[in-house]
Amino acid sequence: MTTVTATETATRAPSVGTARTRVEGVEKVTGAARYAGEIPFTDLAHGWLALSTVGRGRISALDTDAVLAMPGVLAVLDHRNALRLNTDFPSLLGMRPDPTCAVFQHDRVPHLGWPVALVVAETSEQAREAAESLVVHYEPEPHTTDFTAETPDAYALDGVMPALTEKGDIEAELAASAVVLDAEYTTPEEHHNPMEPHAATAVWDEGRLEVVDSNQGATWVNGDLASLFSLDPAAVRVRSEHVGGGFGSKGVRAHQVAAAMAANVLGRPVRVVMTRRQMFTLAGHRSPTVQRVRLGVDAEGRLRALEHRALSHTSTVYEFVEPSAGVARVMYDADAHRTENRVVRLDVPSPTFMRAPGEAPGSFALESALDELAVACGLDPIELRLRNDAERGPVSGLPFAGRRLADCFREGARRFGWAERDPRPGTRRDGRWLLGRPGTRRDGRWLLGTGTAAASFQAGAAPSTATATAHPDGVFTVRIAAADIGTGARTALTLVAADALGVAPERVRVRIGDSAFGPAMIAGGSMGTRSWSWAVKIAAEELRERLALGADIPAEGITVRSDTTAAIGALAAAERHSFGAQFAEVAVDVGTGEVRVRRMLGIFAAGRIINPLTARNQFLGGMTWGISMALHEEALRDRASGGLVGADLAGYHVATHADVPRIEADWIEDPDPDDPVGIKGIGEIGIVGAAAAVANAVWHATGARHRDLPISPGRVLTAGAPDA
């Protein structure tokens, strides 16, 4: 029998903090790792969703007889024959589920692309052909998808935070300010596009439902499916071992529910996979925003007034608010401070959480406004931010459990060469930096500029359970219903467990993605690894203590279970956030409108870093998405149809390798003193502030301020060039 010895524990170097390749890396690159749409099932049938072709109205008839007669077709589910579902229950964060997932419950069509039927056949090809042949008759109604700041129907809405916070007299402080900025910023509708499409297979067995899925939390999907189908949660099992990206979109969606319905009717496994175009309708999106920022400072550049008001859209069937004004509640204080999040209902699909919800678009507006204010005050943009670095939560009044924002700016400025920056816009020209690339201009038309912005994201934790098992052969198994959506969570948990057990990581096997392992936090809100590590550490340490007492390990092993509910509930009251400073250098050709990011640097204070290798990848991924947000991403709706124009990866532009040259991310020490591992969370903060840093750099290059994203060639050309 091999177990943990005191000598091994005392001499072994810590695993946490060392760069490790992914423990499942070989499986993924060799194809051995199977994703939800690849797992074989005996007697598997395939479902294909049919979506509405009108922007609003009612279904008057479906011509299903001809479809049912097509080769291989087994069933057509629609509002006339589908199971009735329960939708009156609290889902994630206490919010009600988006009714879009409760498919085929009525004849109403609230937007283009609403699920109207599921065609099930022996093969996916047969199901697709039949679904595309299905004729649906509608009674169309007028629809509207226009999103503007002037809408009279907007209203304040609480979401994950209160809609409104305010203190002091905004108008009085603005009137007394030495310098005032009043500006409006907009961000477009943006869409999730994880590499792996949404896929689920459902199987019923004697009243029990099993779903093999691609999701961000088996516990979440398990609970919602149990509620929708009025089942005991113990009668539902959700498995999701490998996930190819999520970003907020992979919760409970129409495809899982439709698959479960069809499997119940047919008595055999049914798989439903969303197409890429369907994902643009059914997987959620980030709402467009219109944000007004008003800032007032005294003669020394200290804020007297800060107002941040944000408007987003939601669907007519579900209330979801993009909390863009929330970032101002953390970043900067003022004597008068007011923030508000508002929504307007439109005939569009429901928006949802998307990487750094609220903070990503909110930081673009707020950090662009700070940059404009710095210019108006004649101050360096970093100096203005440091003068207004909050000592306590501007709204909560609570102390920060670590706030090293100033240190991030100082270190980033040193490494980026900020001190050599000429603050005057439009003064640097360069025709040489792209030499060697075919077709590159060599006449000095490239204008160079640098910009910066601050970043922050909450550092939360949620209750989770885990088990740790010691086996007679010296191997340890950790089980937790975590989700690795590409972040490297499985590897991070292996390192945490190894240190808690006092053994080498090679002796630890981490099993995740199964609701049978007990409730656990989802992969979202930058809380996954922190929440799971807490539970894993407690279970592993208790197991280690039991083994230290000399317990014999039976053939079935010794298992210890943890539950962090009480521990997390006892966290000290404080503002908990990760912080960072973003820096960007761009080159702009005002003759063609082309904007190229030359280099980016992000310095973060984000708690203890578990695995530097995968952590750096996370930061770089977020920063790359920030480049995409600043220069490329924009979903446009056709007023006539109410649908998206170019709802695919040909029409919806994202940053590619050619758009991401020299990009660096690093961090400074910042462990959370109240977390047993010291984690804060890094999943979202990489994107926060990145778009603003790029936009601020474009201003510095050209002298033209861009308050609307993306900064497309057309907008650059319209803005014009500085004097030669």
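One-based numbering along the sequence shown. All heavy atoms count here, side chains included; hydrogens, waters and symmetry mates do not.
- Side-chain atoms of E27 do not come within 3.5 Å of backbone N or O of E24 as any donor-acceptor pair.
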Requested in this report: Under the side-chain hydrogen bond (donor to acceptor under 3.5 Å, both in side chains) rule, what do T450 and R421 come out as? Steps first, then yes or no, please.
Outcome: CA-CA 8 Å; T450 53; R421 179 183 191 258; 2.9 Å; yes
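- Taking CZ from R445 and CD from E594, the interatomic distance works out to 12.0 Å, rounded to the nearest 0.5 Å.
- With a 4.5 Å cut-off on side-chain heavy atoms, I603 and I668 count as touching.
- By the 30° and 60° cut-offs, the orientation of the rings of F619 relative to W667 is tilted.
- Of all the heavy atoms in L384 and A374, the pair that sits closest is CD2-N, 3.5 Å.
- You'll find the side chain of R355 stays beyond 4.5 Å of the side chain of M629, heavy atoms only.
- Atom CZ of R276 is surrounded by more than 12 heavy atoms from other residues, nucleotides or ligands within 6.0 Å.
- Annotation: salt bridge (Lys or Arg N to Asp or Glu O under 4.0 Å) contacts involving residues 278-287, sequence neighbours excluded, comprise E190-R286, R286-E322.
- The heavy-atom pair separating H313 from S287 by the smallest distance is N-OG, 2.7 Å.
- Atoms CZ and CD, from F247 and Q216 in turn, are 8.5 Å apart once rounded to the nearest 0.5 Å.
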Report task. Step by step, work out the side chain to side chain contact (heavy atoms under 4.5 Å, CB included) result for W699 and I711. Result -> CA-CA 11 Å; W699 169 82; I711 306 173; over 6 Å; no
**Report entry** Candidate pair F604 and D670, rule side chain to side chain contact (heavy atoms under 4.5 Å, CB included), full reasoning
**Finding:** CA-CA 9 Å; F604 303 97; D670 182 44; over 6 Å; no
Query raised in the report: So W625 and E633, side-chain hydrogen bond (donor to acceptor under 3.5 Å, both in side chains) or not? Walk me through it.
Result: CA-CA 9 Å; W625 201 340; E633 292 192 51; 2.8 Å; yes
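- Interatomic distance, CG of L493 versus OG1 of T529, reported as 6.0 Å (0.5 Å rounding).
- A 4.5 Å side-chain heavy-atom check between L303 and R387 finds every atom pair outside the cut-off.
- Contact of the D407 side chain with the F579 side chain is not registered, since no non-hydrogen atoms from C-beta on lie closer than 4.5 Å.
- With values rounded to the nearest 0.5 angstrom, R616 atom CZ is found 10.5 Å from I682 atom CD1.
- In this structure, the side chain of H700 engages the main chain of D422 through a donor-acceptor pair within 3.5 Å.
- The one candidate from R404, R403, R530, R608 that meets the salt bridge (charged side-chain N to carboxylate O under 4.0 Å, His left out) condition with D672 is R530.
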Requested in this report: Please step through ring-ring contact (aromatic ring centres under 6.0 Å, His included) for the pair F280 and H191, ending with a clear verdict.
Outcome: CA-CA 7 Å; F280 275 85; H191 282 261; 5.1 Å; yes
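- More than 12 heavy atoms of other residues, nucleotides or ligands sit less than 6.0 Å from atom CD of E383.
- Under a 3.5 Å cut-off, the side chain of R34 and the backbone N or O of E241 do not form any donor-acceptor pair.
- A cation-pi contact links R599 to F416, judged by a cut-off of 6.0 Å to the six-membered ring centre and 45° from its axis.
- Nearest heavy-atom pair across K680 and H577 is NZ-O, 3.2 Å.
- Side-chain atoms of V23 and V510, non-hydrogen and from C-beta on, never get closer than 4.5 Å to each other.
- Between A483 and A489, the closest heavy-atom pair is O-CB, 4.3 Å.
- In this structure a side-chain-to-backbone donor-acceptor pair under 3.5 Å is present from R715 to P710.
- A salt bridge is absent between D675 and R576: the closest approach of a Lys/Arg side-chain nitrogen to an acidic carboxylate oxygen does not fall below 4.0 angstrom.
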Query - CA sep, side-chain torsions, deciding dist, call: K28, D484, salt bridge (charged side-chain N to carboxylate O under 4.0 Å, His left out) - result: CA-CA 13 Å; K28 286 184 173 178; D484 190 335; 5.0 Å; no
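- Residues satisfying the side-chain contact (heavy atoms from CB on, under 4.5 Å) criterion with M274, sequence neighbours excluded, are H198, R253, H255, Q278, M279, L282.
- Q582 places a side-chain N or O within 3.5 Å of a backbone atom of G686 that can act as its donor or acceptor partner.
- Inter-residue side-chain proximity for V293 and H308 is flagged as met; some heavy-atom pair is nearer than 4.5 Å.
- For D666, the side chain to side chain donor-acceptor pair (under 3.5 Å) criterion is met by R415, not counting sequence neighbours.
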Query raised in the report: Given the rule in the salt bridge (charged side-chain N to carboxylate O under 4.0 Å, His left out) test, do R707 and E372 qualify, once you have shown the distances and angles that lead to the verdict?
Result: CA-CA 10 Å; R707 297 183 179 131; E372 292 196 52; 2.7 Å; yes
Query - Check against side-chain hydrogen bond (donor to acceptor under 3.5 Å, both in side chains), R637 and T145 - result: CA-CA 7 Å; R637 291 198 172 271; T145 60; 5.8 Å; no
Side-chain polar contacts of residues 658-665 - donor-acceptor pairs under 3.5 angstrom, sequence neighbours left out - could you list them?
from: D659; atom 1: OD1; to: R596; atom 2: NH1; distance (Å): 3.3
from: D659; atom 1: OD2; to: T656; atom 2: N; distance (Å): 2.9
from: D659; atom 1: OD2; to: T656; atom 2: OG1; distance (Å): 3.1

**Report entry** Verdict with supporting geometry, V290 and F147, side chain to side chain contact (heavy atoms under 4.5 Å, CB included)
**Finding:** CA-CA 9 Å; V290 177; F147 178 72; 3.7 Å; yes
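- A pairwise comparison of heavy atoms in S214 and K250 identifies OG-NZ, 2.9 Å as the closest pair.
- A side-chain donor-acceptor contact under 3.5 Å links S240 to the backbone of N215.
- Between P381 and W418, the closest side-chain pair of non-hydrogen atoms falls below 4.5 Å.
- Residues I609 and V16 share a closest heavy-atom pair of O-CG1, 4.3 Å.
- Side chain of N388 to main chain of G301: a donor-acceptor pair is present (N/O by atom type, distance under 3.5 Å, no hydrogens or angles).
- If you run side-chain hydrogen bond (donor to acceptor under 3.5 Å, both in side chains) between T289 and each of T186, T187, N341, only T187 comes through.
- Here CD1 of I687 is found 11.5 Å from CE of M623. Values are rounded to the nearest 0.5 Å.
- Between the CG atom of D380 and the CG atom of D371 there is a distance of 9.5 Å, given to the nearest 0.5 Å.
- Legend: salt bridge (Lys or Arg N to Asp or Glu O under 4.0 Å) pairs involving residues 357-367, not counting sequence neighbours, sorted by first then second residue: E367-R385.
- Applying the side-chain contact (heavy atoms from CB on, under 4.5 Å) test to L613 and every residue at least two apart in sequence or in another chain returns A19, T21, N611.
- Put simply, the side chain of S526 gets close to the backbone of E684: a donor and an acceptor are under 3.5 Å apart.
- Side-chain contact between L295 and Y332 is absent, with no heavy atoms from C-beta onward closer than 4.5 Å.
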